[in-house]
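These values consider heavy atoms only, across backbone and side chains, with no hydrogens, waters or symmetry-generated copies. Labels below follow one simple rule: chain letters A, B, ... track the order of the sequence lines, proteins then strands, and each chain is numbered from 1. Because the structure is predicted, anything quoted here is derived from the model rather than measured.
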There are 2 protein chains.
Amino acid sequence: MEADPREVFVSFLRREGLHVTRARLAVLQGLAQLPKHFEAAELWGALRPRVSAATVYRTLELLERAGLVRKVEFGEAHAHYERVFGREDHGHLVCRRCGRVGEFAVGAARRAVEQAAQALGFALGEVVIQGYGLCPQCRAQEEPRV
Amino acid sequence: MEADPREVFVSFLRREGLHVTRARLAVLQGLAQLPKHFEAAELWGALRPRVSAATVYRTLELLERAGLVRKVEFGEAHAHYERVFGREDHGHLVCRRCGRVGEFAVGAARRAVEQAAQALGFALGEVVIQGYGLCPQCRAQEEPRV
DNA sequence: CTCCATGCAAATCTTTTGCAATCCT
DNA sequence: AGGATTGCAAAAGATTTGCATGGAG
């Protein structure tokens with residue numbers, strides 16, 4: 001089922017009584033042309049027709065609510081975003097040196113969190129699982145021989 | 001072994017050829033009087049003798065390198081920090097409404113991440129596992145009856 | 001004595017907001 | 001028409017940095 005992102009977004013907007021505007025669609029389309037992970041500034045710079053930064057942020061929030069985008073923190077000063085057109089369930093391995101991001105499945109890990117949430121009485125929503133370290137490339141460069 | 005935090009910090013500073021100053025010790029001591037999780041501003045406000053905000057940030061970075069503090073992101077605009085005097089291994093459950101934070105052990109979950117890191121060739125360092133949702137209190141308030 | 005560290009204030013940077021003009025429905 | 005949305009520029013916050021003065025080794 002999980003239809004075309006545009007469908008999803010438009011439905012979302014209608015449902016919320018919001019307008020389907022050119023700026024909003026431009027942002028949505030911009031997403032498709034960027035790597036899966038991106039920063040607000042990158043998206044802003046890639047848009048055509050141009051959309052103001054303010055609107056980009058405003059729209060990112062809507063896309064998040066619509067379930068098409070996820071905000072992720074990689075330990076840097078600014079936020080990163082992740083396209084979520086296909087609702088996978090995965091964690092991130094972030095390279096501390098070059099920022100490269102790898103993904104992996106989190107089946108077991110997620111279950112552990114769900115269990116903990118239940119024990120503490122939390123109604124669990126999103127789960128974030130991230131590992132920080134050195135990617136293979138930077139690792140090789142780092143230890144030329146130890 | 002894992003001695004007194006002050007010992008750890010002083011050793012760290014010596015090892016790095018840095019000075020053991022009054023401001024640095026004040027920050028370290030301030031940590032002990034705050035809840036386990038705190039924000040830079042809270043720490044800054046609690047210090048006596050007074051230490052400038054700039055120095056608080058500079059010192060937090062040193063404490064992080066010394067392994068006494070961990071920077072954590074709870075999805076808010078500003079960073080949060082966590083005291084790590086006893087190197088536990090845990091994840092966080094963050095309430096989206098009130099910000100309350102619960103902790104839980106992450107044995108199995110961590111192993112899953114280690115396994116993924118190995119598969120991808122990452123040299124794994126820190127692992128962050130966080131769940132977002134509603135704490136019991138906010139949950140009760142949220143669904144007065146659905 | 002020589003650097004390192006601190007404070008202060010200014011500078012950065014990202015994200016948010018007020019408001020008048022403009023666009024959907 | 002009528003409320004929602006946009007762009008612009010200013011505001012807001014958190015964190016960082018330059019630089020002269022004071023402090024640790």
- prompt: Looking at B/I129 and B/A109, what are the two nearest heavy atoms and their distance?
  reply: CD1-CB, 3.4 Å
task: Decide if atom CD of A/Q115 counts as having more than 12 heavy atoms of other residues, nucleotides or ligands within a radius under 6.0 Å.
output: no
- prompt: Any idea which heavy atoms bring B/F9 and B/A66 closest together, and the distance?
  reply: CD1-CB, 4.2 Å
query: Mind checking which nucleotides bracket the chain A contacts on DNA chain D, 5' to 3', with an atom under 4.0 Å from a heavy atom?
result: D/dG3 to D/dC8
message: How long is the straight-line distance from CD of A/Q29 back to CZ of A/R48, given to the nearest 0.5 Å?
response: 9.5 Å
query: Heavy atoms under 4.0 Å, any strand shown: does A/A41 hit a base, just sugar-phosphate, or nothing?
result: nothing
message: With a strict under 4.0 Å distance from non-hydrogen atoms of chain B, what nucleotide opens and what nucleotide closes the contacted stretch of DNA chain C, reading 5' to 3'?
response: C/dC4 to C/dC8
query: Between B/R83 and B/A32, is there a donor-acceptor pair closer than 3.5 Å when you use the side chain of the first and the backbone of the second?
result: no
- request: Might you work through the side-chain contact (heavy atoms from CB on, under 4.5 Å) test for A/R6 and A/L25, ending with a clear yes or no?
  value: CA-CA 8 Å; A/R6 185 190 165 111; A/L25 292 176; 3.9 Å; yes
query: Would a distance-only check, ignoring hydrogens and angles, find a side-chain to backbone donor-acceptor pair under 3.5 Å from B/E42 to B/E39?
result: yes
- prompt: Which comes earlier along DNA chain D counting from the 5' end, the contact point of B/E61 or that of B/R14, where each point is its nearest nucleotide?
  reply: B/E61
Nearest heavy-atom neighbours spanning A/R50 and A/G45: NH1-O, 4.1 Å
query: Testing A/V20, A/L18, A/L28 for side chain to side chain contact (heavy atoms under 4.5 Å, CB included) with A/V10, which one passes?
result: A/V20
Validation: residues 67-77 of chain B side-chain donor-acceptor distances under 3.5 Å, sequence neighbours left out:
{"from": "B/R70", "atom 1": "NE", "to": "B/E82", "atom 2": "OE1", "distance (Å)": "2.9"}
{"from": "B/R70", "atom 1": "NH1", "to": "B/E126", "atom 2": "OE2", "distance (Å)": "2.9"}
{"from": "B/R70", "atom 1": "NH2", "to": "B/E82", "atom 2": "OE1", "distance (Å)": "3.0"}
{"from": "B/E76", "atom 1": "OE2", "to": "B/H80", "atom 2": "NE2", "distance (Å)": "3.4"}

query: Listed in order of residue number, which residues of residues 50-60 of chain A have a non-hydrogen atom at under 4.0 Å from DNA chain C?
result: A/A54, A/Y57, A/R58
Side-chain (A/W44) to main-chain (A/V51) donor-acceptor, under 3.5 angstrom: yes
- prompt: Which atom pair, heavy atoms only, marks the closest approach of A/L124 to B/G131?
  reply: CD1-CA, 3.8 Å
query: In residues 18-25 of chain A, which ones come under 4.0 Å of DNA chain D, going by heavy atoms?
result: A/L18, A/H19, A/T21, A/A23, A/R24
statement: Per-helix bend value, the helix from C/dC1-D/dG25 to C/dT25-D/dA1, C1' rotation axes over five pairs per end, 10° rounding, shows 40°
task: Report the distance from atom CZ of B/R58 to atom OG of B/S52, rounding to the nearest 0.5 Å.
output: 6.0 Å
field: Any donor-acceptor pair under 3.5 Å from A/R97 side chain to A/L134 backbone
entry: no
query: Between A/H37 and A/H92, how do the two ring planes meet: parallel, tilted or perpendicular, split at 30° and 60°?
result: perpendicular
